[in-house]
Peer 1: 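This is the structure, below, for whatever I ask next.
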Amino acid sequence: MKLNKVFNTLSVAAVALLATACADTDAQYDIPDVAAPEYVSAALTTEKPIFFGETTVEVTFDKNINFATKNASQITINGAPVDKALVKGSSKVLTVTKTVDFCNTLALHIPAGLVLGPQQKPYSKDIDVTFNVKAKPSNNATAMTARLGWGWNLGNHFDTSGDAISQGWGYWDKVTTMTDAPFQRLAGAGAKTVRIPTTWTDHMDDGYVISADYLNEVAGVVDKAIAAGMNVILNTHHDSFETDLGNAAEDIEVAAKDSTIIVELWKQVATRFATYGDQLIFETFNEIHAGDNWGGGTDAEYDLLNKWNQYAVDAIRATGGNNQSRWIGVAGYAANIDLTIQHLVLPSDPANRIMVGVHSYDPYNFCTQPYANGAEKAPMWGHTSNASGADELAVISQLYKLRQTYIENDIPCYLGEYGCVLRKTSAENAFRSYYLEFFCRAANMACIPMFIWDNNTKQDQDGESFGYIDHENGNWLNDSETLVPMMVKACTSTDESYSFQSIWSKAPATY
């Protein structure tokens, strides 16, 4: 009897203990109810100057989400199914990707019920988000853009180094006396600015004094351009210090000599033009670089070039008159876009009138050297060609970097040189025309005024065929009677219907 009592007592206790344990286990694994995800925001992964090509939007929710990739086709951008939509790992973000044509607006639509939370509860509302490209700024920089517009380089006339003295100042363009005809022709076509590249050091004596006759001759051509109603950018070009940056950065005596030349040169040039109005702009340098190194310099070279720009600005301002407030353009290493953005330090200027000048002949082989030993090397460009390398999107992106860095920070910026050489066939020249129109329209989007390089070459050759206007009589060269007005329109038109898409659709066919 006693054993039975003990057993019964133990059984009751075991059952009670088991019941308690089960109750504790149920409490431990009770799953709380989690609400459906809530939409937080949607953002482009990168700012774009124009929506084109692969574009990615990240859509963020307040908790980790799930998404069945088979449903991607139900998500649309501008009414068409997206290419991809997925959640990368354990994440609150749905990444949506779509390749789009040129457009200023993206309309994203995600239907209700596609995005699920941790307990498969769906977000129950449609998501509709519209993205617009950033509007062009309205500031002093864009006012200067409108003022300078599209322009032209009087190339290979005064920028004649080396043989300049021995050949009576050289004149590589073979025009010894400039008339007003080229400037009148350009103004009539809508050009607003003439850049006059000028070599000065070959016309200096041992005391760094510039020939008065040469100064007066340059001034006479400046006068002709201004009389035609255009702005003028006057610079130093192919001077003795242009390729000497590497030597000067390594040798204090060379640096001192070059710095002295720069200061004395600009004192004299600025003094000669001190009474000229705002139509005249000075540009400190052309393409300063070290020897044959065009791809970049050293920190010491970048630092010295920044000092040289400051010396030139100070020398100009010190001459008084209108030079105290005249706009001055400054150049980065080799006038290269990327190197300028990365390494140029703007000079200190009490007048706060500093501009940035850059050059671009990209892609180089297509623009300047389309032939190698007489054979075709890069005759075509763009999405309809079989060419590789820089394409339409690369052009847009490169110019937009200038807008982001300078224009949007109220610093005027201009493309002092660009161009594309004449070709040997009409089929090749169709690609040249397409490139120039597209490039100019991209510059308009970036708020960058631009000036075509013209060396007065009157026929096609293996390279350097950059003739547009006859420097002597103002006649059109080659196909420029239609090409120049086209570039003026592309660079300056405010017609919103004149879009990248309208140019893109006219791209020539691969031959």
Peer 1: If we ignore hydrogens and angles and just use 3.5 Å, is the side chain of Ser397 paired with the main-chain N or O of Leu393 as donor and acceptor?
Peer 2: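 The answer is yes, because a donor-acceptor pair under 3.5 Å joins these two groups.
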
Peer 1: What I'd like to find out is whether the side chain of Val57 reaches to under 4.5 Å of the side chain of Val129, using heavy atoms alone.
Peer 2: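 Side-chain contact under 4.5 Å: no.
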
Peer 1: A side-chain contact here means heavy atoms from C-beta on lying under 4.5 Å apart; do Arg147 and Asn231 qualify?
Peer 2: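 Arg147 reaches Asn231 side chain to side chain.
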
Peer 1: Keeping the roles fixed (side chain from Asn71, backbone from Leu114), state whether a donor-acceptor pair exists under 3.5 Å.
Peer 2: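 No: the side chain of Asn71 does not pair with the backbone of Leu114.
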
Peer 1: Just verifying a value: how many Å separate Ser73 OG and Asp83 CG, rounded to the nearest 0.5 Å?
Peer 2: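 So the OG of Ser73 and the CG of Asp83 are separated by 11.5 Å.
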
Peer 1: Indicate the atoms forming the closest heavy-atom contact of Phe366 with Pro379, along with that distance.
Peer 2: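 Looking at all heavy atoms of both residues, the closest pair is CE1-O, 3.6 Å.
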
Peer 1: Decide if atom CG of Asp292 counts as having more than 12 heavy atoms of other residues, nucleotides or ligands within a radius under 6.0 Å.
Peer 2: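 Counting other residues, nucleotides and ligands, CG of Asp292 stays at 12 neighbours or fewer.
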
Peer 1: Around Asn132, counting heavy atoms of other residues, nucleotides and ligands shown, do more than 12 lie under 6.0 Å from its CG?
Peer 2: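 Above 12, so yes.
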
Peer 1: Report the C-alpha separation of Asp338 and Lys401 in whole Å, then their side-chain angles, then the decisive distance to 0.1 Å, and conclude whether the salt bridge (Lys or Arg N to Asp or Glu O under 4.0 Å) test is met.
Peer 2: CA-CA 9 Å; Asp338 289 322; Lys401 284 190 289 188; 2.5 Å; yes

Peer 1: Please test Phe52 against Phe500 for ring pair (Phe, Tyr, Trp, His ring centres under 6.0 Å), starting from the C-alpha separation and ending with a verdict.
Peer 2: CA-CA 10 Å; Phe52 172 67; Phe500 283 122; 8.6 Å; no

Peer 1: Would the number of heavy atoms belonging to other residues, nucleotides or ligands and lying under 6.0 Å from CG of Asn352 be above 12?
Peer 2: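 For Asn352, atom CG is not crowded (no more than 12 foreign heavy atoms under 6.0 Å).
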
Peer 1: Taking atom CD of Glu496 as the centre, report whether more than 12 heavy atoms of other residues, nucleotides or ligands fall under 6.0 Å from it.
Peer 2: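 Incorrect, the count does not exceed 12.
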
Peer 1: Are the side chain of Thr46 and the backbone of Leu44 linked by a donor-acceptor contact shorter than 3.5 Å?
Peer 2: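 Flag not set: sc Thr46 to bb Leu44 has no pair under 3.5 Å.
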
Peer 1: Please assess His237 against Ile196 for the test side-chain contact (heavy atoms from CB on, under 4.5 Å), listing each intermediate value before the final yes or no.
Peer 2: CA-CA 9 Å; His237 204 109; Ile196 302 181; over 6 Å; no

Peer 1: From Asp362 CG over to Ile337 CD1, what is the distance, rounded to the nearest 0.5 angstrom?
Peer 2: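 Result: 7.0 Å between the selected atoms.
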
Peer 1: Does some side-chain heavy atom of Val330 sit less than 4.5 Å from a side-chain heavy atom of Pro347?
Peer 2: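 When only atoms from C-beta onward are counted, Val330 and Pro347 do touch, with a gap below 4.5 Å.
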
Peer 1: Judged by atom type as modelled, is there a donor-acceptor pair below 3.5 Å linking the side chain of Asn429 to the main-chain atoms of Arg423?
Peer 2: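 The answer is yes, because a donor-acceptor pair under 3.5 Å joins these two groups.
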
Peer 1: Can you list every pair that meets side-chain hydrogen bond (donor to acceptor under 3.5 Å, both in side chains) and has a residue in residues 108-126, with sequence neighbours left out?
Peer 2: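 Passing the test, one end in residues 108-126: Asp33-Lys121, His109-Asp128.
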
Peer 1: side-chain contact (heavy atoms from CB on, under 4.5 Å) between Phe466 and Ile452: does it pass, once the steps are laid out?
Peer 2: CA-CA 9 Å; Phe466 286 110; Ile452 194 81; over 6 Å; no

Peer 1: With distance as the sole criterion, is a donor-acceptor pair present between the side chains of Asn478 and Ser480 under 3.5 Å?
Peer 2: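 No donor-acceptor contact under 3.5 Å links the two side chains.
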
Peer 1: Going by heavy atoms in the side chains, are Leu415 and Val358 under 4.5 Å from each other?
Peer 2: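 Leu415 vs Val358: side chains touch.
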
Peer 1: Verify, without hydrogens or angle tests, whether Asp349 (side chain) and Val313 (backbone) share a donor-acceptor contact under 3.5 angstrom.
Peer 2: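 No.
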
Peer 1: Start with the C-alpha distance between Trp504 and Phe102, add both sets of side-chain angles, then the distance that settles ring pair (Phe, Tyr, Trp, His ring centres under 6.0 Å), and finish with yes or no.
Peer 2: CA-CA 9 Å; Trp504 173 277; Phe102 289 107; 5.1 Å; yes

Peer 1: Show the numbers, then the answer: is there a side chain to side chain donor-acceptor pair (under 3.5 Å) between Asn139 and Thr142?
Peer 2: CA-CA 5 Å; Asn139 54 23; Thr142 51; 3.3 Å; yes

Peer 1: Supply the atom-to-atom distance Leu436 CG to Phe431 CZ, rounded to the nearest 0.5 angstrom.
Peer 2: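 Here the rounded value is 13.5 Å.
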
Peer 1: Determine, stepwise, if the pair Lys63 / Val34 fulfils side-chain contact (heavy atoms from CB on, under 4.5 Å).
Peer 2: CA-CA 10 Å; Lys63 53 181 66 69; Val34 179; 4.1 Å; yes

Peer 1: Quick check: do Phe131 and Lys48 have side-chain heavy atoms less than 4.5 Å from each other?
Peer 2: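 Side chain of Phe131 against side chain of Lys48, heavy atoms only: no contact under 4.5 Å found.
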
Peer 1: If I take atom CH2 from residue Trp381 and atom CG from residue Asp391, how far apart are they, to the nearest 0.5 angstrom?
Peer 2: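 It comes to 7.0 Å.
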
Peer 1: Please check if any side-chain donor atom of Thr457 sits under 3.5 Å from a side-chain acceptor atom of Asn455, or the reverse.
Peer 2: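 Judged by distance alone, the side chains do pair up.
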
Peer 1: Donor-acceptor check, side chain of Tyr468 to backbone of Trp152, threshold 3.5 angstrom: yes or no?
Peer 2: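 No: the side chain of Tyr468 does not pair with the backbone of Trp152.
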
Peer 1: Under the 3.5 angstrom rule, does the side chain of Asn306 hit a backbone N or O of Leu344 as a donor-acceptor pair?
Peer 2: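 Checked: no pair found.
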
Peer 1: Parallel, tilted or perpendicular for Tyr333 and Tyr302, by the 30°/60° rule?
Peer 2: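 Answer is perpendicular, since the angle exceeds 60°.
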
Peer 1: Asn444 and Lys489: side-chain donor and acceptor closer than 3.5 Å?
Peer 2: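 No donor-acceptor contact under 3.5 Å links the two side chains.
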
Peer 1: Within the structure provided, determine whether Thr193 and Met230 are in side-chain contact (heavy-atom separation under 4.5 Å).
Peer 2: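 Of all side-chain heavy-atom pairs linking Met230 with Thr193, none is under 4.5 Å.
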
Peer 1: Surrounding NZ of Lys84 (heavy atoms of other residues, nucleotides or ligands, distance under 6.0 Å), is the total greater than 12?
Peer 2: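 Not more than 12 within 6.0 Å, no.
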
Peer 1: Say whether, by atom type as modelled, one donor and one acceptor occur between the side chain of Lys192 and the main chain of Gly151 under 3.5 angstrom.
Peer 2: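 Not confirmed, Lys192 side chain does not pair with Gly151 backbone.
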
Peer 1: Picking from Ile65, Val40, Thr60, what satisfies side-chain contact (heavy atoms from CB on, under 4.5 Å) with Val93?
Peer 2: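 The passing option is Thr60.
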
Peer 1: Would you mind reporting whether Phe67 and Val59 have side-chain heavy atoms less than 4.5 Å apart?
Peer 2: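 A side-chain contact under 4.5 Å is absent here.
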
Peer 1: Looking only at heavy atoms, which two atoms of Pro449 and Cys447 are closest? And how far apart?
Peer 2: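 Nearest heavy atoms, Pro449 then Cys447: CD-O, 3.6 Å.
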
Peer 1: With a cut-off of under 6.0 Å to the ring centre and 45° to the axis, is Arg317 in cation-pi contact with Phe282?
Peer 2: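 Relative to the ring axis of Phe282, which defines the angle, Arg317 lies outside at least one limit.
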
Peer 1: Under a 3.5 Å cutoff, is there a donor and acceptor pairing between the side chains of Arg195 and Asn153?
Peer 2: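 Checked: Arg195/Asn153 side chains pair up, N/O donor to acceptor below 3.5 Å.
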
Peer 1: To check you understand the geometry: which heavy-atom pair defines the closest contact between Gly296 and Leu339, and what is its length?
Peer 2: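 Residues Gly296 and Leu339, closest heavy atoms: CA-CD1, 3.6 Å.
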
Peer 1: Are the side chain of His289 and the backbone of Gly291 linked by a donor-acceptor contact shorter than 3.5 Å?
Peer 2: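 Yes; judged by distance alone, with no hydrogens or angles, the pair exists.
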
Peer 1: Out of curiosity, Met487 CE to Ser433 OG, how far, rounded to the nearest 0.5 Å?
Peer 2: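 Reported to 0.5 Å precision, the distance equals 8.5 Å.
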
Peer 1: Would you kindly say whether Tyr361 and Gln369 are connected by a side-chain donor-acceptor distance under 3.5 Å?
Peer 2: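 Judged by distance alone, the side chains do not pair up.
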
Peer 1: Do you know which two heavy atoms are closest between Ala85 and Leu94, and how far apart they sit?
Peer 2: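 Closest heavy-atom pair between Ala85 and Leu94: C-CD1, 4.1 Å.
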
Peer 1: Just checking, is any N or O donor in the side chain of Gln501 or Asp101 under 3.5 Å from an acceptor N or O on the other one?
Peer 2: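 No donor-acceptor contact under 3.5 Å links the two side chains.
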
Peer 1: Roughly how far, to the nearest 0.5 Å, is CD1 of Ile110 from CD of Gln74?
Peer 2: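 Separation between the atoms: 11.5 Å.
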
Peer 1: With a 4.5 Å heavy-atom cut-off, do Ile127 and Phe61 have their side chains touching?
Peer 2: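 They are in contact (side-chain heavy atoms under 4.5 Å apart), so the answer is yes.
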
Peer 1: Any side-chain to backbone donor/acceptor pair from Asn409 onto Gln404? Under 3.5 Å, distance only.
Peer 2: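 Yes, because the side chain of Asn409 sits within donor-acceptor range (under 3.5 Å) of the backbone of Gln404.
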
Peer 1: Test side-chain contact (heavy atoms from CB on, under 4.5 Å) on Asn104 and Ile50; report intermediate values, then the result.
Peer 2: CA-CA 6 Å; Asn104 292 315; Ile50 193 79; 3.0 Å; yes

Peer 1: Any idea how Tyr414 and Phe451 line up, ring-wise: parallel (<30°), tilted (30 to 60°), or perpendicular (>60°)?
Peer 2: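 The rings of Tyr414 and Phe451 sit tilted, inter-plane angle from 30° to 60°.
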
Peer 1: Which residue, Asn235, Asn309, Thr236, forms the side-chain hydrogen bond (donor to acceptor under 3.5 Å, both in side chains) with Thr284?
Peer 2: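 By the side-chain hydrogen bond (donor to acceptor under 3.5 Å, both in side chains) criterion, Thr284 pairs with just one of Asn235, Asn309, Thr236: Asn309.
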
Peer 1: Identify the heavy atoms of Ala335 and Thr340 that sit nearest to each other, and give their distance.
Peer 2: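 Reported closest heavy-atom pair: C-OG1, 4.0 Å.
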
